[in-house]
Amino acid sequence: MGVVNEKEEARQSYEKAINAGKVASVLENITPEVFQASIGNVPPNTSVTIILSYITELGQDAEDNQIRFVLPTAIIPRYGEDPFDYFPNQVEVSKDSKLQIDVIAEMSSGAIQSMSSPTHTISVNLDPHSENITPASIDLKSTFASGIGENGFSKLGVTLSQNSAHLDKDFVLVIKAANLDHPTCLIEPSISNDPNTPETHAMLLTLTPRFATKQIRTELLFIVDRSGSMWGEKINQSKKALILFLKSIPVGCYFNVIGFGDTFQGIWSESVEYSQDNVNKALDYAGTLDADMGGTEILNPLTYAFENRRKDMPTQILLLTDGEVWNVDSVMKVVQDNMANSPPASFVRVFTLGIGGDVSHHLVNSLSRAGKGYSSFVTESERMEKKVIRMLKNAILPPIVDYRISWPNVETISKSSVVVESKDANVINLFDPSSSSEVVIEPLAFQSESPNIIQSPHYVPGIYTGSRLLVYALLRGKIKSLPSKISIDGMCGVDPVTLTVPISVCQPGNAIHTLAARSIIRDLEEGTSYLHDNTSALNRNYEGPAPEVLVKETVVDFGKKYSLASKYTSFIAVEADGQINAINEFPHNVNEYSYDVDECEYSDDDMGFGLFDGGSPPKYAAPLMASLANTASPTLKAKKLTKTVTVTAYASVESTFVCEEEVECFMDLRSSTYLEEVNDFERLIKAQDFEGCFPFSALSIDNLMEEKIVEKIGSEYSTFDLEKVWGTVVAIALLSKRFTDQKEEWELLVEKSKLYLMGVLRMDDAALSSFIGKWISELGEIFEQ
């Protein structure tokens, strides 16, 4: 019978079973991204099927109401000394190994508006319950003609158009559906047949905030990976991202660019004020970026950035990397230590942009989590402008701090989740204001290190517009009165913020419990849990940081209870009655992986999994989750009775990617004309100078178009300077009329242009808005011809 045990116990059980001649398997966590399944005593001429199952949150993508699922299929090498004595670059996958996949996507929040894959050509089946999806598949090109993109479906099936694919790249699926971003809070009662087991409830709060606030004057430090692993399209993506960052910096900010590999070097020894000369120098640097600096030594440039940042204003560190390193813990500790010593007036945040299809999601996500920023990902072939600009927008906005989530009215140990009376002020609404009712909990007798409410992340993450927020709470106690709403209250600068979210009740289950436990384990392993909080209200019998033995015991307890593989727990399955029995609980590891091993002949069974989003949940589903089962592995054949076969699963499940080659797979089909317009867009934004002016001569407008513009302006032509003023007005009109789909990408540029025009024309905000609105309308008639 397969179970989760403490890691050493599981390994000993495995070795004992092997020595006894039994077929056995153990799944171990090598790193948070790499898991290894060892199988021993496979009989001769026998094939083994490895079945992986996992449950995960689905990440936010660049578009609103869009989520992304990644199925990892590759192991890539990491830079530096492998502390685990494990070398994934030596693992070879047979060319005969193929990926077959069936997807059933169900969105209870609203109709599915589009589905795409940036990595594989897919087909869609309107009847996902059919036994064989492939023959009945409808390619997205034909379904687009029937209006799926406009009307949508609540459930669709997806399969690979070519039936199978090589295991040379991850499978990525992007789904857009109505109302995915709406605030949702679910509460799930636990399932237990043991009357002695305490009752528990798991809660999940999720939303993608949308709000506006004033920009701050800040220092922006761009740290760019120029190591050898960034060669090719990765470094080209870095160039594009850096140029867009540099062009969009608000006037008045300070900035610097630091490139790194084996060593590191900044353009300047310290940050400089944003000016035309300085931005030109930085743009020249960005244009010559190359992957020519050797290995990936992230630790030193990060340390340098923290030590040499300005102390008279906030600092935002934006790291661009593929993150292919082993020393993640050391790098993360540097961020954690500097965040802890950051004064409120000159706070620092870390944002990370992971570049490439083989990026280390563990490093990229861990650094942004520790740095109270957020992460985003771009592949080599995608357009990343929206993600880049959204990240910069959030970096120049003040953080929402000291916010509290009104879980039950029992005192919790997290200083950020203690319930207080609701604020009267309601200046910034995160989504939808309303009142909140609270839960009345009947406390149970637990050990002091197991509080009645455990929130995870323990230290609440930053709230950023367009970046999905996920917070869990594990409630240990009997609920007397079920809540109808919870509230979030905090501060953004001097402005209070508030939001109330209605609660939906799920059927009893373990899905949200498992996700909550996984998040708690991550807090424990990263040293940010309730056990590590010296200011918590927890009655502790120790001082200072939590003893490692206590952390380990707590992780093992959660791992066993919720079937989670982790740093301290592993799965063990031993042959019984001639077969390896299935694990009796739905298993997951700390990165959502689990496995079941059966002795059987290998067959090319298709992979299948279901997707669920937030909103009104189905019978048992938690929001924003994917579950995967029946993953066919390559055939494993043993030459000897005692042969041990090792299979490695590379689990990078917290990824987000965007589709570039959408002509093949996206419902909103893009033509070659669109690609030409993208090039025109890039040329246009490059024409803007540092203060926001678009010189007319830099707009690449032909003589005929210029004549039409001058004729349209008429008698007002001589009122203002053509080169600077009218050039800027024309550029704003061009962006507004021809590039509406890229509005999020040019909004910061236009804001700079408006400030420039406001100063030159000596107009207030209302007068300038009227002036610009008029000419967008007038000149738009020309640009729409």
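All figures in this text were calculated on a predicted structure; none of them were measured in a lab.
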Tyr464-Phe351 aromatic ring centre distance below 6.0 Å: yes
Are the side chain of Asn338 and the backbone N or O of Asn341 linked by a donor-acceptor pair below 3.5 Å? no
Does the Ser368 side chain pair with the main chain of Thr352, one donor and one acceptor, at a distance under 3.5 Å? no
Looking only at heavy atoms, which two atoms of Arg390 and Asp61 are closest? And how far apart? NH1-O, 3.9 Å
Phe306 vs Val335 side-chain heavy atoms within contact, under 4.5 Å: yes
Tell me if a side-chain donor or acceptor on Lys752 pairs with a main-chain N or O of Lys247 at a distance below 3.5 Å. yes
Run the side-chain contact (heavy atoms from CB on, under 4.5 Å) check on Leu397 and Gln215 step by step: do they pass? CA-CA 5 Å; Leu397 296 179; Gln215 297 179 5; 4.2 Å; yes
Backbone N/O of Leu246 and side chain of Tyr274: donor-acceptor pair under 3.5 Å: yes
What's the spacing between Leu470 CG and Thr208 OG1 if we round to 0.5 Å? 8.5 Å
Residue that, paired with Phe222, satisfies ring-ring contact (aromatic ring centres under 6.0 Å, His included) out of Phe245, Tyr254, Phe255: Phe245
Rounded to the nearest 0.5 Å, how far apart are CD1 of Ile243 and CD of Glu682? 9.0 Å
Is the shortest side-chain heavy-atom distance between Leu748 and Ile396 below 4.5 Å? yes
Could you check whether atom CD of Glu723 has more than 12 heavy atoms from other residues, nucleotides or ligands sitting under 6.0 Å from it? yes
According to side-chain contact (heavy atoms from CB on, under 4.5 Å), who are the partners of Asp290, at least two apart in sequence or on a separate chain? Asp292
One should read off an interatomic distance between Thr288 OG1 and Leu283 CG, to the nearest 0.5 angstrom, of 11.0 Å
For atom CD of Glu273, is the number of surrounding heavy atoms from other residues, nucleotides or ligands below 6.0 Å larger than 12? yes
Any luck finding a side-chain donor-acceptor pair between Glu707 and Asn703 under 3.5 Å? no
When you measure from the side chain of Glu385 to the backbone N and O of Glu745, does any donor-acceptor pair fall under 3.5 Å? no
Taking salt bridge (charged side-chain N to carboxylate O under 4.0 Å, His left out) as the definition, give me every residue that meets it alongside Glu747, ordered by chain and number, with sequence neighbours left out. Lys393
If the condition is side-chain hydrogen bond (donor to acceptor under 3.5 Å, both in side chains), which residues does Ser753 pass it with, not counting sequence neighbours? Gln688
Any chance you could measure Met391, atom CE, to Leu244, atom CG, to the nearest 0.5 Å? 12.0 Å
Determine, step by step, whether Leu363 and Ile298 satisfy the side-chain contact (heavy atoms from CB on, under 4.5 Å) criterion, reporting the C-alpha distance in whole Å, the side-chain angles of both residues, the deciding distance to 0.1 Å, and the verdict. CA-CA 10 Å; Leu363 177 129; Ile298 298 179; 4.0 Å; yes
Given Asp225 and Ser227, is the side chain to side chain donor-acceptor pair (under 3.5 Å) satisfied, shown in steps? CA-CA 6 Å; Asp225 189 345; Ser227 64; 2.7 Å; yes
Please name the pair of heavy atoms, one in Asn278 and one in Ser275, separated by the smallest distance, quoted to 0.1 Å. ND2-OG, 3.1 Å
Nearest heavy-atom contact between Phe690 and Val251 is O-CG2, 3.5 Å
Keeping the roles fixed (side chain from Asp64, backbone from Gly466), state whether a donor-acceptor pair exists under 3.5 Å. no
Applying side-chain contact (heavy atoms from CB on, under 4.5 Å) to Lys281 and not counting sequence neighbours gives Ile267, Trp268
At their closest point, which heavy atom of Ile223 faces which heavy atom of Ala305, and how far apart are they? CD1-CB, 3.9 Å
For Val710 and Trp726, run side-chain contact (heavy atoms from CB on, under 4.5 Å): C-alpha distance rounded to whole Å, both residues' side-chain angles, the deciding distance at 0.1 Å, then the answer. CA-CA 10 Å; Val710 173; Trp726 285 119; over 6 Å; no
With rounding to the nearest 0.5 Å, note down the distance linking CD1 in Ile67 to NZ in Lys176. 12.5 Å
Between Arg217 and Met313 (side chain of the first, backbone of the second, donor and acceptor by atom type, cut-off under 3.5 Å), is there such a pair? no
What residues, two or more places apart in sequence or in another chain, satisfy side-chain contact (heavy atoms from CB on, under 4.5 Å) together with Ser346? Arg309, Pro343
Spacing of Ser116 atom OG and Gln66 atom CD [to the nearest 0.5 Å]: 6.5 Å
Output yes when a side-chain donor or acceptor of Asn365 lies under 3.5 Å from a complementary backbone atom of Ser375, and no otherwise. no
Would you check if the side chain of Asn256 reaches a backbone N or O of Leu221 as a donor-acceptor pair within less than 3.5 Å? no
What pairs of donor and acceptor atoms, side-chain ones from residues 754-765 against any protein atom, are under 3.5 angstrom apart with sequence neighbours left out?
| residue | atom | partner | partner atom | Å |
| --- | --- | --- | --- | --- |
| Asp764 | OD1 | Ala766 | N | 3.3 |
| Asp764 | OD1 | Ala767 | N | 2.7 |

Can you check whether Thr498 reaches Asp489 side chain to side chain, under 4.5 Å on heavy atoms? yes
For the residue pair Tyr304 and Phe264, does the interplanar ring angle fall in the parallel (under 30°), tilted (30 to 60°) or perpendicular (over 60°) class? tilted
So with a 6.0 Å cut-off around NZ of Lys724, is the heavy-atom count from everything else above 12? no
Residues Glu57 and Arg468 bridged, charged N to O under 4.0 Å: no
Between Ser376 (side chain) and Tyr374 (backbone), is there a donor-acceptor pair under 3.5 Å? no
